[in-house]
Amino acid sequence: MPDPRPLLMIPGPVEISPRVAAAAAAPPLGHLDPAFTAAFGSALAAMRALWRAGDDAVAFAVPGGGTLAMESAATNLMAPGERALVVVTGYFGERMAEMLRRRGAEVERVEAPPGEAPAVDAVERALTRAARAGRPVKALFATHVDTSTGVLLDPEPLARLAREQGALSVFDGVCATGGERFEMAAWEADLYFTASQKALGAPAGLALWVAGTRALAARAALAAPPPMAGDWEAWRPVMEGYEAGAPKYFSTPPTTLVLALAAALGELLEEAPEPAAALERALDRHRRAAAALRAAWRALELAPVPARPELEAHTLSALRFPPGRGNELLGAIRARGVQLAGALHPALAGAYFRVGHMGQVTRSAEPLERTVEAIAGALGRDPRAALAPFAAAWSAGAA
Ligand code: PMP
């Protein structure tokens, strides 16, 4: 019988490697089992290495997802009445702002129309204005790649601005980590959070973050503790315990998911002799896949939502439907064996679709070619017209 399961080309959850699938399908281990302890410790150390964080940063892997990671950032860093600045480039920036509002923070937003990103100057002006008014911003929040628009931000100047102004900088890396550059220590960023189901190539179910010393100090200084299940201080001894080979209990770790994450991160790290080079390999893979796919999109006359090439993420493509076509196209593509995603930004509902190109599918041309072929076929176009520029860009991108 043919496999009825489509190739998953949505922006998460993504296809996983055979090794990760084997880890996810293995009989469970207990949370105090030495093999589990070793795997959990190695995953946490790998996160710190891949985020390019300092040795004094703490890595957390907690049951949940990106949304839980966002919420724990809001509740551990901010107290009611404190001021936050959110750089909004889409739906997930809006969600971050709403979480901060529910935390009782005073939220200022710097935003741009969908597909655009605010200028760094606009962020600087907002920070300076707040400081002059005697209400300085405690933390700046930005989305590295907003999955609703496909807009990529450069975190480096934002982290630098925040540092200059004495504010913490927090980046949502859910649709970026492992596919876009992030250098936590060098950029002096304070918190980078993500989830397991995207470019890291593990199944969904884990909220992941690395917190630097200033962020940890901000949590420690809160007068009233945050809600318990996402409290960094409740989880920190657990994470440090596993890394030291001495597990501690706060809430049962999702042992199977942690083993799958450890397999995914291990596979990533094995791509080169040391972590920094392995990360470069992963970034190269995502850049190469994005460049080849963009060549195909151009051939198919599919216009990206991001307004300028430098705003286009390497982890997903947000593409406007061609004239006369809409969501029905996704069904036609699905009938050709490839699952894509529809719109997420309410202002562009029904106007565009999304193709995730993260993790395992960037390791070879085949799944990407299948995707191009399915889209071309559903559009009634000759797939060869798109596959040729794809192949040329793929070859040009060889390391
Ligand atoms: N932030 C971004 C940028 C995301 O892409 C997502 C998920 N698509 C989230 C946050 C929320 O993550 P989750 O769905 O795992 O809760």
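The figures that follow rest on heavy atoms only: side chains count, while hydrogens, waters and symmetry mates do not. Atoms within each ligand, like the ligands themselves, are counted from 1 in listed order.
Here the closest non-hydrogen pair linking Thr147 and Pro11 is CG2-CB, 3.5 Å.
Using 4.0 Å as the threshold, Val145 has a heavy atom nearer than that to some atom of ligand 1. For Lys198, the closest heavy-atom approach to ligand 1 falls below 4.0 Å.
For ligand 1, the atoms closer than 4.0 angstrom to any heavy atom of Gly66 are 11 (C), 12 (O), 13 (P), 15 (O), 16 (O). Which parts of ligand 1 touch Met70 is read off a 4.0 Å heavy-atom cut-off, strictly below it: atoms 10 (C). Taking a cut-off of under 4.0 Å to the non-hydrogen atoms of Thr147, the atoms of ligand 1 that pass are 2 (C), 3 (C), 4 (C), 5 (O).
Closest to atom 14 (O) of ligand 1 among all protein heavy atoms lies Gln197 NE2, 4.0 Å. Atom 9 (C) of ligand 1 has as its closest protein heavy atom Phe92 CE2, 3.3 Å. Looking from atom 1 (N) of ligand 1 to the surrounding protein, the closest heavy atom is Asp172 OD2, 2.6 Å.
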Q: Decide side chain to side chain contact (heavy atoms under 4.5 Å, CB included) for Met78 and Phe141; before the verdict, give the C-alpha distance in whole Å, the side-chain angles of both, and the deciding distance to 0.1 Å.
A: CA-CA 11 Å; Met78 304 296 297; Phe141 295 78; 4.3 Å; yes
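For the atom pair CG (Leu152) and OG1 (Thr315), the distance works out to 7.5 Å, reported to the nearest 0.5 Å. Rounding to the nearest 0.5 angstrom, the gap separating the CG atom in Leu344 from the OG atom in Ser148 is 5.5 Å.
The aromatic ring centroids of Tyr192 and Phe182 lie less than 6.0 Å from each other.
Geometrically, Arg288 engages Trp394 in a cation-pi contact defined by less than 6.0 Å to the ring centre and at most 45° from the axis.
At a threshold of 4.0 Å, the pair Asp284-Arg287 counts as salt-bridged, since one of the basic side-chain nitrogens sits closer than that to a carboxylate oxygen. With salt bridges taken as basic N to acidic carboxylate O contacts below 4.0 Å, one links Arg101 and Glu98.
Between Asp146 and ligand 1, no pair of N/O atoms sits closer than 3.5 Å. Below 3.5 Å of separation, one finds no N or O of Thr143 facing any N or O of ligand 1.
Here Thr67 has heavy atoms under 4.0 Å from ligand 1 in both its backbone and its side chain.
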